[in-house]
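Have a look at the structure below, then the notes.
Only a predicted model underlies this, so the values are computations on that prediction, with no experimental measurement involved. Protein chains get the first letters and strands the later ones, always in sequence-line order, with residue 1 at the start of each.
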Amino acid sequence: MIDVKDFDLGLSFESGQPLTFHADYSRKGHVESLTYSTISGEIRIRSMARGRSTRVYAIGKGYSCAAAEEEVVRRFGLDEDLGRIYARMNTDPFMERAIAEMAGMRLTRNDPWETTLCFIISQFNNIKRIRLIVGNMKGAFGEKVALDDGRPIRLFPRPEALARAGLGKIRACGTGFRDRYIQNAAREWIARPWLAELSKLPYDEAKEALLELDGIGDKVADCILLFGYGKREAFPIDTWIKRIVEHVYFNGRRKRVEQIHRFADRRWPGVQGYAQQYLFWFGRQSKVG
DNA sequence: ACCCAGGCGGGCG
DNA sequence: CGCCCGCATGGG
């Protein structure tokens, strides 16, 4: 059992973050459950709010109890002190409301390759269709494995499988024009093994390395750094965030992306990624901008 | 039948 | 440089 402050499982799971794993979520009263598969098996979480703290039980198939808990802590960033992060984010009334409404929303930590693929697919696309395409790609290229109960599942496609796949077969998953970005990224992932190790580099250098890949621009690179490499100083700027920041902090005046980056870096140093996620989801839910 | 979706790369002025 | 356009595809 893990006892954490400031954790809302459903909000963390359903806040538009790249859940690269297949998962089933449900809520009955104040008890939430989430089941998802991993490379090593399957994790089942039950979470129960008790005042300001939440009790989280994790059971894993193919995991010891301790290993399952460790996986959940890592995956949902439960080792990060949200109270301290909120104190640094809370610079104004709008952010204060976002924090109050979205209390307990965590930034998830995902596999770097899986995150890269998801966000290459995300460009000029919508969340629902991103999930559809990723699902298709698992079916076409993901390794088949059986869980303990014999149920077959498909793992996330590895770069090796996509590097040798034809563009036509990739495109058949619904990727559209992104097919060559995907094939190229898979090949580069193999040719440049250090791409898997970018969390060791400072944010700027890691971003530079990602930007060399075709189909990865400023926004996608920041998403990969934030959700795949745990770089909390990344501040992905998509159409939503741009509108929201312009509306809330610039009186509706249009700003260039570079200016918004500078603004966020100065205002929320070190916690830009959390600020972005809270502005993004709160702003979207309440239709700001 | 439209219109849009968590951008990016290339081409033009 | 800064801006603008086309881009595949499924769902509203």
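Here the P atom of nucleotide B/dA5 and the CG atom of A/Asp238 are 11 Å apart, to the nearest Å. Separating the NZ atom of A/Lys207 from the C1' atom of B/dC8 is a distance of 14 Å, rounded to the nearest angstrom. Regarding A/Asn136, its CG atom lies at a distance of 11 Å from the C1' atom of C/dG10, rounded to whole Å. Taking atom CG of residue A/Asn126 and atom C1' of nucleotide B/dG7, one finds them 13 Å apart after rounding to whole Å. When rounded to the nearest whole Å, the span between CG of A/Leu132 and C1' of C/dG10 equals 7 Å. We find that CZ of A/Arg129 is positioned 13 Å from P of C/dG12, with the value rounded to whole Å. Atom CD in A/Gln123 sits roughly 6 Å away from atom P in B/dC8 (whole-Å rounding). The distance from atom CD1 of A/Ile133 to atom P of C/dG10 is 8 Å, rounded to the nearest whole Å.
The side chain of A/Lys219 approaches B/dC8 more closely than any other nucleotide in the set C/dG12, B/dG9, B/dC8. Among the nucleotides C/dG2, C/dG11, C/dT9, the one closest to any side-chain atom of A/Arg256 is C/dG2.
Residue order along DNA chain B, read from the 5' end via each residue's closest nucleotide, puts A/Lys128 first among A/Gly215 and A/Lys128. Comparing A/Leu211 and A/Gln276, the nucleotide of DNA chain B nearest to each residue sits closer to the 5' end for A/Gln276.
The stretch residues 164-184 of chain A touches DNA chain B through A/Phe177, A/Tyr181, each having a heavy atom under 4.0 angstrom from the strand.
With pairs defined as Watson-Crick or G-U wobble and both atom distances under 3.5 Å, the stems of at least three pairs that touch DNA chain B come out as B:2-5 with C:9-12, B:7-13 with C:1-7.
Among the protein residues, A/Leu213 comes within range of the sugar-phosphate backbone only, with heavy atoms under 4.0 Å from sugar or phosphate atoms but none that close to a base. Backbone-only engagement by A/Ile216 is indicated by non-hydrogen atom pairs under 4.0 Å involving sugar-phosphate atoms exclusively. Residue contacts for A/Gln277: at a heavy-atom cut-off of 4.0 Å it reaches no nucleic acid atom on any strand shown.
A/Ile130 and A/Cys118 make their closest contact through CG2-O, 4.1 Å (heavy atoms, listed as atom of the first residue, atom of the second, distance).
Of the inter-residue distances, the one linking A/Glu32 atom CD with A/Tyr25 atom OH reads 3.5 Å to the nearest 0.5 angstrom.
Taking the charged nitrogens against the carboxylate oxygens, A/Asp218 and A/Lys207 do have a contact shorter than 4.0 Å, which makes a salt bridge. Ionic pairing of A/Asp92 and A/Arg267 is present here: one or more N-O contacts between side-chain nitrogen and carboxylate oxygen are shorter than 4.0 angstrom.
OP1 or OP2 of B/dG7 has at least one side-chain nitrogen or oxygen of A/Thr239 nearer than 4.0 Å.
Residues A/Trp268 and A/Tyr278 fail the side-chain proximity criterion, which asks for heavy atoms closer than 4.5 Å.
Two different hydrophobic clusters hold A/Phe13 and A/Met48 under the rule that ILVMFWY side chains link at heavy-atom gaps under 4.5 Å.
Remark: A/Arg46 is positioned above the aromatic ring of A/Tyr57, its terminal NZ or CZ atom under 6.0 angstrom from the ring centre and at most 45 degrees off the axis. Both tests hold for A/Arg243 against A/Trp240: distance to the six-membered ring centre under 6.0 Å, angle to the ring axis within 45°.
Shown here are the side-chain contact (heavy atoms from CB on, under 4.5 Å) partners of A/Arg74, two or more places apart in sequence or in another chain: A/Glu71, A/Arg109.
Under a cut-off of 6.0 angstrom, the local environment of CG in A/Asp3 is crowded, with over 12 non-hydrogen atoms contributed by other residues, nucleotides or ligands.
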